[in-house]
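These notes concern the structure reproduced below.
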Amino acid sequence: NSHIQFEMSSQAHFGEKDVMDLAIRNSINAGFMETTRNLLDVDPNFIEYPSADTVLLYIKKKKFQDIKLEFRTIFQQLIQKYRKCGMINEPVDIAVDFHDEEYYGKQRTGEVIKGKGKNGTNYFHKYITVDSVYKAKRFTLAGEHISQFDDRFKICNDLLDFIDCNKIKIRNAYLDREFFNHKVTDELITNNTPFVIPAVRNDKVKKISKEEWDQGNYVFTYHFDKGKNKSKDFTIFLVPNPDYDPSKETGKKNHEFYLFATNIEIKKSDYCAKSMIDNDKTEGNERKDIAELYRSRWGIETDYRVIVHEFLAKTTSNKFHIRFFNFMMGLVLRNTWILSQILFKEAYENKFPKNILTAKLWKRIVERTLNRKSIIHSLESLFKKIGDGAIIT
């Protein structure tokens, strides 16, 4: 809470903690601020809270850069807790992805991006996250919003620099195909970061890969652009699509093979059909092994749906600051839930169906059990337990 500040009037009846407490409650309810505030009126343990309009006004007054820097500080604090708990002391696998939040308002500013139609709209707020994959648990290391005027690839690199500045060593980076771009691949290669990215089937890639496939070659060197704009070289490799149906037209839903970009070394005997005869006699990474690594990022979209349904506060406001604040708050609360799952497993084992501390159960514990009168006190208590040195077993 101390990292997020509001411009409070000297005559304000409520303090920063009161404003923040209602904002956190609203994220935990994944509802509208007015509904969250009205529900407090019927609580028998009700204590006085500011109105929904008051809280929204304070958030509206915040500058985007201030919100961004405040949540960066919070993520730095979370990273310190991950490290203290032994979660990122070794090199970690990370997944980088875009997330679209549907926008239905008529007022469309530069923060709203037009895209492919989804759930009745063509307009979205776009976010990017970097997630660590830890023992099948995914938690966010950094997040950012992307507007119409932003260079999304530069923002991706800025987030990777943030990870590096916090001394997190990356074992492998798995990125969505939208990151198949020379700015991203150059950054990863320069930093000696192993990566796997599905290659986009542009005309050049499509032509080369088809020619190589027909000749029984499955690995080739590739770079973006030419001349002065030429990117650093990396590898594109092909793996067969087990569901390919030769009786049907080859196309988007029926490819002969999948393509991946990587800088991970592939053993030479797996380069082509001829050399694969001696393949299992040599050690090294095979194409299918590297393609399998990419599966580590699968589930990111499922995790994002958890944020949307369980931790993302709703709003009809056109004010971008409120939406950005809500998204970042949702990420932080989801991270805290994941930490609770890992660190306090013994406390809930055999108490819940399938021994799983679901998001809904965790929210009930935070809101009703730890401290009924203050969500902030509940979370502070939780973080103190984490800070006291909980050990992962």
Checklist entry - Under a 4.5 Å side-chain heavy-atom rule over Ile, Leu, Val, Met, Phe, Trp and Tyr, are M329 and L57 clustered together? => result no
Next on the checklist: If I compare all heavy atoms of S340 with all of W362, which pair ends up nearest, and what's the gap?
Outcome noted: OG-NE1, 2.9 Å
Checklist entry - Would you say the side chain of F220 lies within less than 4.5 Å of the side chain of I208, judging by non-hydrogen atoms? => result yes
Checklist entry - Heavy-atom distance under 4.5 Å between the side chains of I94 and L160, does that happen here? => result yes
Checklist entry - Does NZ in K319 sit with more than 12 non-hydrogen atoms of other residues, nucleotides or ligands closer than 6.0 Å? => result no
Next on the checklist: I'd like to know if E256 pairs up with K210 as an ion pair, taking the criterion as any Lys NZ or Arg NE/NH1/NH2 lying under 4.0 Å from an Asp or Glu carboxylate oxygen.
Outcome noted: yes
Item to check | In one Ile/Leu/Val/Met/Phe/Trp/Tyr side-chain cluster, 4.5 Å: Y123, Y127 | outcome: no
Checklist entry - Got a salt bridge between R287 and D270, using NZ or NE/NH1/NH2 to carboxylate O under 4.0 Å? => result yes
Checklist entry - CZ/F153 to CD/E178 distance, rounded to the nearest 0.5 angstrom? => result 7.5 Å
Next on the checklist: For a 4.5 angstrom cut-off between non-hydrogen side-chain atoms, does T262 reach I236?
Outcome noted: no
Next on the checklist: Count I, L, V, M, F, W, Y as connected when their side-chain heavy atoms are under 4.5 Å apart, and connections chain through other members. Are V308 and Y103 then in the same cluster?
Outcome noted: no
Checklist entry - Do the side chains of F320 and V112 get nearer than 4.5 Å, heavy atoms only? => result no
Checklist entry - Is a salt bridge present between R37 and D41, judged by a nitrogen-to-oxygen distance below 4.0 Å? => result yes
Checklist entry - T315 and M33: side chain to side chain contact (heavy atoms under 4.5 Å, CB included), yes or no, with the steps? => result CA-CA 8 Å; T315 181; M33 188 72 74; over 6 Å; no
Checklist entry - Nearest heavy-atom pair of H223 and F234: which atoms, and what distance? => result CA-CE2, 4.3 Å
Checklist entry - T121 side chain to G117 main-chain N or O, any donor-acceptor pair under 3.5 Å? => result no
Checklist entry - Are V96 and F124 connected in a single hydrophobic cluster, I mean Ile/Leu/Val/Met/Phe/Trp/Tyr linked by side-chain heavy atoms less than 4.5 Å apart? => result no
Item to check | Whether N181 side chain and K183 backbone form a donor-acceptor pair below 3.5 Å | outcome: yes
Checklist entry - More than 12 heavy atoms of other residues, nucleotides or ligands under 6.0 Å from CD of E265: is that the case? => result no
Next on the checklist: Taking NZ in K204 as the centre, count heavy atoms belonging to other residues, nucleotides or ligands within less than 6.0 Å. Is the count above 12?
Outcome noted: yes
Checklist entry - Would you call K230 and D225 a salt bridge, using N to O less than 4.0 angstrom? => result no
Checklist entry - What pairs with T54 under side chain to side chain donor-acceptor pair (under 3.5 Å), at least two apart in sequence or on another chain? => result S51
Item to check | Joint cluster assignment, V205 & I197, ILVMFWY side-chain distance < 4.5 Å | outcome: yes
Item to check | Atom CG of D203: over 12 foreign heavy atoms under 6.0 Å | outcome: no
Checklist entry - Considering only heavy atoms from C-beta outward, does the side chain of Y244 approach that of H255 to under 4.5 Å? => result no
Checklist entry - D93 versus Y174: any side-chain heavy-atom pair under 4.5 Å? => result yes
Item to check | Heavy-atom donor-acceptor pair, D289 side chain to E286 backbone, under 3.5 Å | outcome: yes
Checklist entry - So, R295 and E292, do they make that salt bridge, N to O below 4.0 Å? => result yes
Next on the checklist: Taking the ring of H125 and the ring of F324, is the distance between their centroids below 6.0 Å?
Outcome noted: no
Checklist entry - Is the backbone of R108 close enough, under 3.5 Å, to the side chain of N318 for a donor and an acceptor to pair up by distance? => result no
Item to check | Under 3.5 Å donor-acceptor, Y104 side chain and T316 backbone | outcome: no
Checklist entry - Hey, would you say the F237 and Y218 ring centroids sit under 6.0 Å apart? => result no
Next on the checklist: Can you confirm if the aromatic rings of F139 and Y82 lie within a centre distance of less than 6.0 Å?
Outcome noted: yes
Checklist entry - Between E211 and K207, is any pair of side-chain heavy atoms under 4.5 Å apart? => result yes
Next on the checklist: So does G31 get a backbone contact from the side chain of T35, meaning a donor-acceptor N/O pair under 3.5 Å?
Outcome noted: no
Item to check | CA sep, side-chain torsions, deciding dist, call: E101, R323, salt bridge (charged side-chain N to carboxylate O under 4.0 Å, His left out) | outcome: CA-CA 9 Å; E101 178 192 356; R323 293 175 181 272; 3.6 Å; yes
Next on the checklist: Would the distance check show the side chain of E16 and the main-chain N or O of F6 forming a donor-acceptor pair, the cut-off being under 3.5 Å?
Outcome noted: yes
Item to check | Qualifying salt bridge (Lys or Arg N to Asp or Glu O under 4.0 Å) pairs, either residue in residues 64-74, two or more places apart | outcome: K62-E70, K68-E144, R72-E144
Item to check | Test item: N26 side-chain N/O and T36 main-chain N/O as donor-acceptor pair under 3.5 Å | outcome: no
Item to check | Atom pair OG (S231) and CD (E187), whose distance is rounded to the nearest 0.5 Å | outcome: 13.5 Å
Next on the checklist: For the backbone of A30 and the side chain of K314, can you confirm whether one donor and one acceptor N or O come within less than 3.5 Å of each other?
Outcome noted: yes
Next on the checklist: The test is side chain to side chain contact (heavy atoms under 4.5 Å, CB included); show your working for V130 and I163 and say whether it passes.
Outcome noted: CA-CA 9 Å; V130 180; I163 302 301; 4.2 Å; yes
Checklist entry - Is any side-chain heavy atom of Y49 less than 4.5 Å from a side-chain heavy atom of R25? => result yes
Item to check | Atom pair OG1/CG of T129 and L159 - distance to nearest 0.5 Å | outcome: 9.0 Å
Checklist entry - Rounded to the nearest 0.5 Å, what separation is found between the CG atom of N157 and the CZ atom of F162? => result 15.0 Å
Item to check | Gap between atom CZ of F224 and atom CG of N229 - 0.5 Å precision | outcome: 13.0 Å
Checklist entry - Take atom CD in Q215; do more than 12 heavy atoms of anything else shown fall under 6.0 Å from it? => result yes
Next on the checklist: Does the plane of the ring in F179 sit parallel, tilted or perpendicular to the ring in F98? Use 30° and 60° as the thresholds.
Outcome noted: parallel
Next on the checklist: Could you check whether E310 pairs with R334 (Lys NZ or Arg NE/NH1/NH2 to Asp/Glu carboxylate O, under 4.0 Å)?
Outcome noted: no
Checklist entry - Would you call R138-D131 a salt bridge at under 4.0 Å N-O? => result no
Checklist entry - Are F325 and F71 close enough that their ring centers fall under 6.0 Å? => result yes
Item to check | Check: N335 side chain, T140 main-chain N or O, donor-acceptor pair, under 3.5 Å | outcome: yes
